[in-house]
Amino acid sequence: MNAVEQVQQTIKEALQQAILKARLTDTEGMPAIQLETPRDKVNGDYATNIAMQLTKLAKKPPRAIAQEILDNLETAGTVIEKIEIAGPGFMNISIRKDYLTEVVIAVLEQGADYGRSKAGGYVKIQVEFVSANPTGDLHLGHARGASVGDSLSNVLDFAGYDVSREYYINDAGKQINNLAYSIEARYKQALGIDAEMPEDGYHGQDIINIAQAQEKEFGDALLQKNEEERFAHFRSYGLQIELGKLQQDLADFRVNFDEWFSETSLYENGKIDVALNKLRTNGHVFVEDGATWFRSTTFGDDKDRVLIKNDGTFTYLTPDIAYHGDKIARGFEKLINIWGADHHGYIPRMKAAIQALGNPEDMLEVSVIQMVQLYKDGEKMKMSKRTGKAVTMRELVEEVGLDAVRYFFAMRSGDSHMDFDLDLAVSQSNENPVYYAQYAHARISSILRAAQEQGFTASDEHLVLLQAEKEIDVLKKMGDFPQVVAEAAKHRSPHRVATYIQELATTFHSFYNAEKVLDPTNEDMTRARIALITAVRTTIANALRLIGVSAPEKM
RNA sequence: GCCCUCGUGGUGCAAUGGAUAGCACGUAAGCCUCCGAAGCUUAAAAUGUGAGUUCGAUUCUCGCCGAGGGCGCCA
């Protein structure tokens, strides 16, 4: 517990004591006391709506309850400087100014860990995201999914969850066969043979490149192999290349996974049968029209789903159920899947499967990431000019820059349909929001460099001097960070961190314009302010790190 | 037709059921002999619509209107 949390804890305990003393409820009925930071600072440093929450229990109007709490509250000698009733029954609390500066000490002590908390209780949680088929390049939508998934994972980790990031490789189904056939066709074409692409083939440039590389390496030698061998070769080779490319693209996007889980391994380890048997044992499977079905309607799906087709092969659902069964068997208490909006119709059957395997429905959470629309020159732009295909993640990063892409996706809630303004993201000017936060970090770095040259050092001995309005604003905003992270984790909304970064940068810039940090005529104040801005820089860097954006010392 | 997501200033987005609805772009007016003006200050401008639940609704429920997505023994 850092210094700020201790202050909050002290206030909560004092309120609880007062409530008990006033006999408004007993220990059993005591609601959790929420301290929020009021929007408007005339309403104090903290506010609580506890009096409103107690209306039902105490059967009195909120303001009367608030008054009774006040009458029984011991404030002498505590951090509470002032407490008053406001509006419909809020209790606004001002704390002694010398306690506000505790946050600076907390940040300087915790450094890169400032903002970390135990809010998540170390629940074992798995986040599965991207999971694009290894049959081509990642595109725009994957970039958003990767950004949101990675940011969410970072936030969960920081908020005290035990997080694992996982990518599910669809390396077993029909699409991989199509990949192999597509490479084969391109290979033949590279040899000058008239070959037709398969009906559901992949027409991307990457496939042509792979085939041409094969032609260079083997000439026509692969034609000598029998069809089965050649197919197996293209299949495994294509998979290796495509997967390697995915991994590289994601690493370059600052997204790293703990586990790359192969669909094929489910077949090899017999896990599909394990899952099917469990569904059968639990009575959720039936046979009809020559197919084997999962009675998902038992769990609210709008129709039952085929598991084994009448040709004896599995539908895509079957290994997916086995996969989720395996996740649970590995001990995860919570599964979060991040899916594109085009898969959202799949949620009810997957949730049904989770339940059919004997688990609570809410064990699986699916975050749906809505579509991204690129705009350039005010016009909708779906296709890449270069390739005529959907814009790839790599192209987007090349054009816009990694930080801007990560920031733009991190800014938005995943469930909002998003318009990505390419001109704004590309612009290297004050119009671009990513620079705003980075600029604050660079600016502080610059001041600290100057401080060092002039022989100033930080000191936490004179923090009490930080009394100016803008300084108080910065202190309070900085103190909010751990709670912001915890809330972002709880609501699975990493974009709240981006919103926070914006706010913290604003309070800093505003402070900067109002007060001079380096002042040779006031060394104590200077040293206190250096401590303050050092803490701000750490907080901004930590927050930027959570959303995968760099914190530059110079720009 | 059924299901899901979303409707907030001119535009793009925020807001655990709480106080005077935030931010950015754009618009208008100011601020650098001074630590980085990619900054600051000020102004105008918004909850699609109709009911309901509640002390209190941008938030929850239902209807309507609008946008996107999904409804396969494809993945």
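Residue numbering restarts at 1 for every chain, and letters A, B, ... go by the order of the sequence lines.
Ring centroid separation for the pair A:Phe231 and A:Tyr181 comes in under the 6.0 Å cut-off. Aromatic pair A:Phe129/A:Tyr167: ring centres not closer than 6.0 Å. Side-chain rings of A:Tyr316 and A:Tyr346 approach one another, their centers coming within less than 6.0 Å.
Applying the side-chain hydrogen bond (donor to acceptor under 3.5 Å, both in side chains) test to A:Tyr323 and every residue at least two apart in sequence or in another chain returns A:Glu166. Legend: residues meeting side-chain contact (heavy atoms from CB on, under 4.5 Å) with A:Leu239, ordered by chain and number and at least two apart, are A:Pro134, A:Asp171, A:Ile176. A search for side-chain hydrogen bond (donor to acceptor under 3.5 Å, both in side chains) contacts involving A:Gln454 returns nothing, not counting sequence neighbours. For A:Arg280, the side-chain hydrogen bond (donor to acceptor under 3.5 Å, both in side chains) partners two or more places apart in sequence, or in a different chain, are A:Asn277. With sequence neighbours excluded, the residues forming a salt bridge (Lys or Arg N to Asp or Glu O under 4.0 Å) with A:Arg492 are A:Glu365, listed by chain and number.
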For residues 471-479 of chain A, tabulate all N or O donor-acceptor pairs below 3.5 Å that involve a side-chain atom, not counting sequence neighbours.
from	atom 1	to	atom 2	distance (Å)
A:Glu471	OE1	A:Gln467	N	3.0
A:Glu471	OE1	A:Ala468	N	2.9
A:Glu471	OE2	A:Arg529	NE	2.5
A:Glu471	OE2	A:Arg529	NH2	2.9
A:Asp473	OD1	A:Lys41	NZ	3.1
A:Asp473	OD2	A:Lys41	NZ	2.9
A:Lys476	NZ	A:Asp45	OD1	2.9
A:Lys477	NZ	A:Glu503	OE1	3.1

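One can find a donor-acceptor pair under 3.5 Å joining the base of B:rG69 and the side-chain atoms of A:His344.
Nucleic acid contact for A:Tyr512: base, since at least one base atom lies under 4.0 Å from a heavy atom of the residue. Nucleic acid contact class of A:Ala341 (heavy atoms, under 4.0 Å, all strands): sugar-phosphate only. Residue A:Asp200 is classed as having no contact, given no heavy-atom separation below 4.0 Å to the nucleic acid. Counting non-hydrogen atoms under 4.0 angstrom, A:Glu515 reaches a base of the nucleic acid. A:Met52 comes within contact range of at least one nucleobase, with a heavy-atom separation under 4.0 Å. A:Asp519 comes within 4.0 angstrom of nothing in the nucleic acid, heavy atoms only. Within the 4.0 angstrom heavy-atom criterion, no nucleotide atom of any strand lies near A:Gln438. As judged by a 4.0 angstrom heavy-atom cut-off over every strand, A:Asn133 is placed among residues touching the sugar-phosphate backbone only. Residue-level contact check: A:Ala451 touches neither bases nor backbone, having no heavy atom under 4.0 Å from any strand. A:His343 comes within 4.0 angstrom of a base, heavy atoms only. If you check every strand for non-hydrogen atoms under 4.0 Å, A:Ala440 touches nothing.
Legend: ring-ring contact (aromatic ring centres under 6.0 Å, His included) pairs involving residues 408-427 of chain A, not counting sequence neighbours, sorted by first then second residue: A:Phe408-A:Phe420, A:Phe409-A:Phe420. Pairs passing the salt bridge (Lys or Arg N to Asp or Glu O under 4.0 Å) check and including a residue from residues 403-412 of chain A, sequence neighbours excluded, read A:Asp150-A:Arg406, A:Arg254-A:Asp403.
Within residues 301-320 of chain A, the residues approaching RNA chain B are A:Lys303, A:Val306, A:Lys309, A:Asn310, A:Thr315, A:Tyr316, by heavy-atom distance under 4.0 Å. Against RNA chain B, the stretch residues 546-555 of chain A makes heavy-atom approaches under 4.0 Å through A:Glu553, A:Lys554, A:Met555.
Ranked by how close their nearest RNA chain B nucleotide is to the 5' end, A:Asp342 and A:Thr48 are led by A:Thr48. Projected onto RNA chain B by closest heavy-atom contact, A:Arg349 and A:His491 fall at different nucleotides, the more 5' of which corresponds to A:His491.
Stem analysis of RNA chain B (Watson-Crick or G-U pairs, both distances under 3.5 Å, runs of at least three) returns B:1-7 with B:65-71, B:10-13 with B:22-25, B:27-31 with B:39-43, B:48-52 with B:60-64.
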Could you go over nucleotides 5-8 of chain B and give all protein N or O partners under 3.5 Å, atom names and distances?
from	atom 1	to	atom 2	distance (Å)
B:rU5	O2'	A:Gln370	NE2	3.2
B:rU5	O2'	A:Asp415	O	3.1
B:rU5	O2	A:His417	NE2	2.9

